[in-house]
Amino acid sequence: MCADTPDYKDTLNLPKTDFPMRAGLPKREPGWLERWNEIGVYDRLREEAGDRPPFTLHDGPPYANGHLHIGHALNKTIKDMIVRSHQMMGHDARYIPGWDCHGLPIEWKIEEQYRKKGKNKDEVPVIDFRQECRSFAEGWIGVQRDEFKRLGITGNWADPYLTMDFHAERVIAEEFQKFLMNGTLYQGSKPVMWSPVEETALAEAEVEYHDKESFTIWVKFPVTEFRLPEADVSDEEMSDEEREGIAAAKAEARDALVGAKVVIWTTTPWTIPSNKAVVFGESFSYGLYEVTGTPEECWANVGERFILADKLAAQTFAKARLEEGQWRRVRDVTSAQLAGLTLQHPLAGVEGANGEWDDARDFRAADFVTDEEGTGFVHCAPSHGMEEYELYRGLGMLDRVITYNVMDDGSFREDLPFFGGTRILKANGKEGDANKAVIDKLVEVGGLLARGKIKHSYPHSWRSKAPVIFRNTPQWFAAIDRPVGDGQDQNGKTIRERALTCIDQVKWTPKTGRNRLHSMMEGRPDWVLSRQRAWGVPLTCFVKKGARPTEPDFLLRDEKVNARILEAFEAEGADAWYKDGAKERFLGNDYDASEWVQVFDILDVWFDSGSTHAFVLRDRPDGTKDGIADVYMEGTDQHRGWFHSSLLQSVGTTGRAPYRNVVTHGFTLDEKGNKMSKSLGNTIVPEEVVKQYGADILRLWVAQADYTADQRIGPEILKGTADSYRRLRNTLRFMLGALAHFEEGDRVAREEMPELEQWVLHRLAELDEVVREGYRAFDFQHVFQQVFQFCTVDLSAYYFDIRKDALYCDGDTERRRAARTVMDLLFHRLTTWLAPVLVFTMEEVWLERFPGEQSSIHLQDMPETPADWRDPALSEKWQMVRRARRAVTAALEVQRSEKVIGASLEAAPVVHVEDEAMLAALKTVNFADLCITSDISLTGDPAPQEAFRLPEVENVGVVFERAEGQKCQRCWKILPDVGTHSHPDTCARCDEALG
RNA sequence: GGGUGUGUAGCUCAGGUGGUUAGAGCGUACGCCUGAUAAGCGUAAGGUCGGAGGUUCGAGUCCUCCCACACCCA
């Protein structure tokens, strides 16, 4: 540049904006939150909803306990993006956040506080205890609400739903009463972990495992009979010889097996009196063994025969003190033969037993038998073991195998022969006398083969540190295969039938959710509704004193009693159940209170949350018309949790599902795909991310991940997310700069625009469909990826790069006005499309252009796309143009790397186009502008040998030529006419622009 | 131990019904620009498609087994 050439920089229309390149989100986000609060965005959208179609995402309530972790953040962010995107697509999208308030973890915390103060829970009145639980939950609700809001989650935070609201407690009780009245409620029993010391049932989370030394015994169960299945000899095809052979073999086996003893091994001798069966493993190899010699002290006799798993025989005999050579294997025992055996309890027929154990024991194969330890046979006391209980429940034989031998305090019932009154554990938790009594009796009757002690991991009470036992306890169940009988049978008669039918009326995202829930529903047992706890909604019912559960008038079913309970709960909460005189109050004058027992179990908290559809969707003014939610959205673990209990509950009370869509997200893992844990030090806490990067980065991480599967998060991933954010932010910043002082009068109609602008509009029309379809399918990842790539590939690297020349250097030309019109249209679309994800940043961008106290992107809808923007023919033409451009750009790159040129404006290449259609197309556009060269020549002549070609762009050869002329000091193009105009060192265009 | 699901470049993801040298963006390296400047443009490197068998003329895509991780259950 000559010394006397003016500096033209100030005469250009350079981008002008105060929008900062760096966001400073952690500091600035709270300001926008404050602003939305002042505007009252959520409420205003509700007020202005008019006849917008409603859209309701029903919140699955988090547990009101502790600070938020990354899973909470993921969960609520997805929900928020669903709600916001539907709002902006034209719905009235409502969202009422909720909290799950009742239940064990809160009870614990309160008990823990008691222990610190040296107080005992049992000495505190229940109502006081419940009140403390309530305040505890309230405290955490406040904390979590603030933490959720900080993430930019919108919703009715002023009036959330709580499962401990009085109305909620009333509805939960009311829903329970529906099960009471329609006959699906019944009392049964089930083995649970029971602490004899505290005389209470324990949940899995309330036990801890410690090493414990236990008695271990090997017990003989005599074989009394052997019978092969009839089918074996009645086969018509069989010859007489075969028949005789089988009969002979059968007789031989019978001689060998009857009188032999099946040996079981157990570490809980006290369960032997409750034994009802023995099971074996179908695939193990078993043998018949005979004792051929014995040492001095031994409980086996010469000639005694035992059936054992071959793999475990030697070690069993060793425990019985037999030495090598004092026993021999006689023969195989096949599983078919095992199945033909009949067993007897070792105490059968013993004098003084009063026939207690005389019935034949059930004997069959089961899949929980192991051949790793023991004998290959497992003794079953289904009252004291989960696996055995499940086995016999599945067989429908529970009534034959359930015993009631063990009392609350761990003692045997008084009338149990030999052992009545003995205790498994003493009151102080130490070993009682029951095990010894059982062992002694077995020795006395010759029922024991061996004994020993073993150290093993065993569950202990978290509170008393004493060992626990498995014990069947009375519990309340909802029968899921019994006809409900409420007349709402359009989807089936029983709860299970209805649930299975309804699953197929729901849309599952991802689709695999359907099968997950379906298989669970097919296989699940009756719903155990009762918990022996204090903080929750009680099972509001009465049972007749002295009546058995099977008697028809066992349960009190009276609408008037129910109504009194509900009225009290509505006004006073479920505490009313625990107040003095509650029984008399609710039973009223119609019943003699002394004849009825008030039930004090509380409902499974899954029943609470399973009922939210009733007290939220059905009952709230901002619920839904039909009580059904458009969407339930939770983690995949909720197939067994909330999706499951909500469906069971809803189907049992309304006959249909409470949701139309079920969306699930996976779990959040660390960067390597492992579970996060404090001990591994790989946890990412939302609060930290917000502090370091801002909530928008966390939200963007959610949008970039495939949330339907497990996702990963970690320092590197967050850094990548922040990088993407910056790229996008700068693109928006450029738009803002280009739009400075844009006015309505500058607007140019589509048909007046250059084709390049029309092509951008075509892309916008395409994207509009992608965005809306994506949001409707809850597929944020696809939406964001498409929009983001559009911004980088189509805008930043192409359209913006090309139009910088016109935007900066043109005077008030139609070309420039068209470009700015497109910028404006882009602005409205990009901001609204991205607002559901980047709630803070899009507000910032929006306010930069449309400041104002009441202004907010979140009050906007996504603009409709005019039908004529879509122009497939134009699009096809411009794909061709862009292909040719790629060849030119690549050709220039060669010159650049060889230091022939720096900027592309130094070039004016000759482009040989050997395709007529392409040549014709290129001639209709300003190809030099598109390639950002000072000039370009188009020719149909065949390209010379030395021309540059791209293998993927056929029929185009580029011959490099340097641009002729001088550099225009204003627009930097190199043109021949520079210097011939009134403004020194300018080209014609710039000269005119300068006026 | 059982059931379900996931596994494609450093990162986030595309890859209808099996068919040419497996794609994109980000990041990285290098170059250009210095009028989007702690920015912008371009080029390049980078993958035994978790592993091993099998079906097929041909498999990231179908089948079997295995491995890793996760969730649910026992």
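Per chain, numbering begins at 1; letters A, B, ... match sequence-line order.
- Between the base of B:A36 and the side chain of A:S796 there is a donor-acceptor pair shorter than 3.5 Å.
- Checking the phosphate oxygens (OP1, OP2) of B:C26, no side-chain nitrogen or oxygen of A:Y725 falls inside 4.0 Å.
- Sequence neighbours left out, the pairs with a member in residues 693-708 of chain A that pass salt bridge (Lys or Arg N to Asp or Glu O under 4.0 Å) are A:D80-A:R699.
- Spacing between B:C72 and B:C62 at atom C1', rounded to whole Å, works out to 29 Å.
- In this structure, A:R886 reaches neither bases nor backbone, as no heavy-atom distance under 4.0 Å exists between it and the strands shown.
- Proximity of a side-chain donor or acceptor of A:S646 to a complementary backbone N or O of A:F643 within less than 3.5 Å is not detected.
- With sequence neighbours left out, the side chain to side chain donor-acceptor pair (under 3.5 Å) criterion links A:E769 to A:R870.
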Between the protein and nucleotides 45-51 of chain B, which nitrogen or oxygen pairs come in under 3.5 angstrom?
none

What protein N or O atoms touch nucleotides 32-34 of chain B N or O atoms at under 3.5 angstrom, if any, and at what distances?
{"from": "B:C32", "atom 1": "OP1", "to": "A:K899", "atom 2": "NZ", "distance (Å)": "2.7"}
{"from": "B:C32", "atom 1": "O2'", "to": "A:R896", "atom 2": "NH1", "distance (Å)": "3.2"}
{"from": "B:C32", "atom 1": "O2'", "to": "A:G902", "atom 2": "O", "distance (Å)": "2.9"}

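- Sequence neighbours left out, the pairs with a member in residues 890-902 of chain A that pass salt bridge (Lys or Arg N to Asp or Glu O under 4.0 Å) are A:E893-A:R896.
- Between A:K16 and the phosphate of B:G35, there is no side-chain N or O to OP1/OP2 separation shorter than 4.0 Å.
- As judged by a 4.0 angstrom heavy-atom cut-off over every strand, A:T636 is placed among residues touching the sugar-phosphate backbone only.
- Nucleic acid contact class of A:E390 (heavy atoms, under 4.0 Å, all strands): none.
- Here the P atom of nucleotide B:A70 and the NZ atom of A:K672 are 13 Å apart, to the nearest Å.
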Starting at the 5' end of nucleotides 4-13 of chain B, put B wherever the base has a protein heavy atom under 4.0 Å, S where only the sugar-phosphate does, and a dash everywhere else.
-> S-----SSSS
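- The side chain of A:R727 places an N or O atom within less than 4.0 Å of a non-bridging phosphate oxygen (OP1 or OP2) of B:G40.
- The side chain to side chain contact (heavy atoms under 4.5 Å, CB included) test applied to A:P26 returns no partner, not counting sequence neighbours.
- Secondary-structure stems of RNA chain B, taken as three or more successive Watson-Crick or G-U wobble pairs (i with j, i+1 with j-1) under a 3.5 Å distance threshold, comprise B:1-7 with B:67-73, B:10-13 with B:23-26, B:28-32 with B:40-44, B:50-54 with B:62-66.
- Side-chain atoms of A:R733 lie closest to B:A36 of the nucleotides B:G35, B:A36, B:C26.
- Under the side chain to side chain donor-acceptor pair (under 3.5 Å) criterion, the residue pairs touching residues 721-740 of chain A are A:Q704-A:S724, A:D723-A:R726, A:Y725-A:R729, A:Y725-A:T841, A:R729-A:E844, with sequence neighbours excluded.
- By the side chain to side chain contact (heavy atoms under 4.5 Å, CB included) test, A:L395 is found to be paired with A:R364, A:L391, A:Y392, A:M397, residues two or more places apart in sequence or in another chain being considered.
- Using a 4.5 Å heavy-atom cutoff, the side chains of A:W833 and A:V783 are not in contact.
- Between the side chains of A:H384 and A:N472, no donor N or O sits under 3.5 Å from an acceptor N or O.
- In terms of modelled atom types and a separation under 3.5 Å, the side chain of A:T933 and the main chain of A:I936 share no donor-acceptor contact.
- Residue A:R22 is in base contact, counting any heavy-atom pair closer than 4.0 Å across all strands shown.
- Judged as a side chain to side chain contact (heavy atoms under 4.5 Å, CB included), and not counting sequence neighbours, the contacts of A:V770 are A:H782, A:Q786.
- Scored by the side chain to side chain donor-acceptor pair (under 3.5 Å) test, A:W527 finds A:D604 as partners (sequence neighbours excluded).
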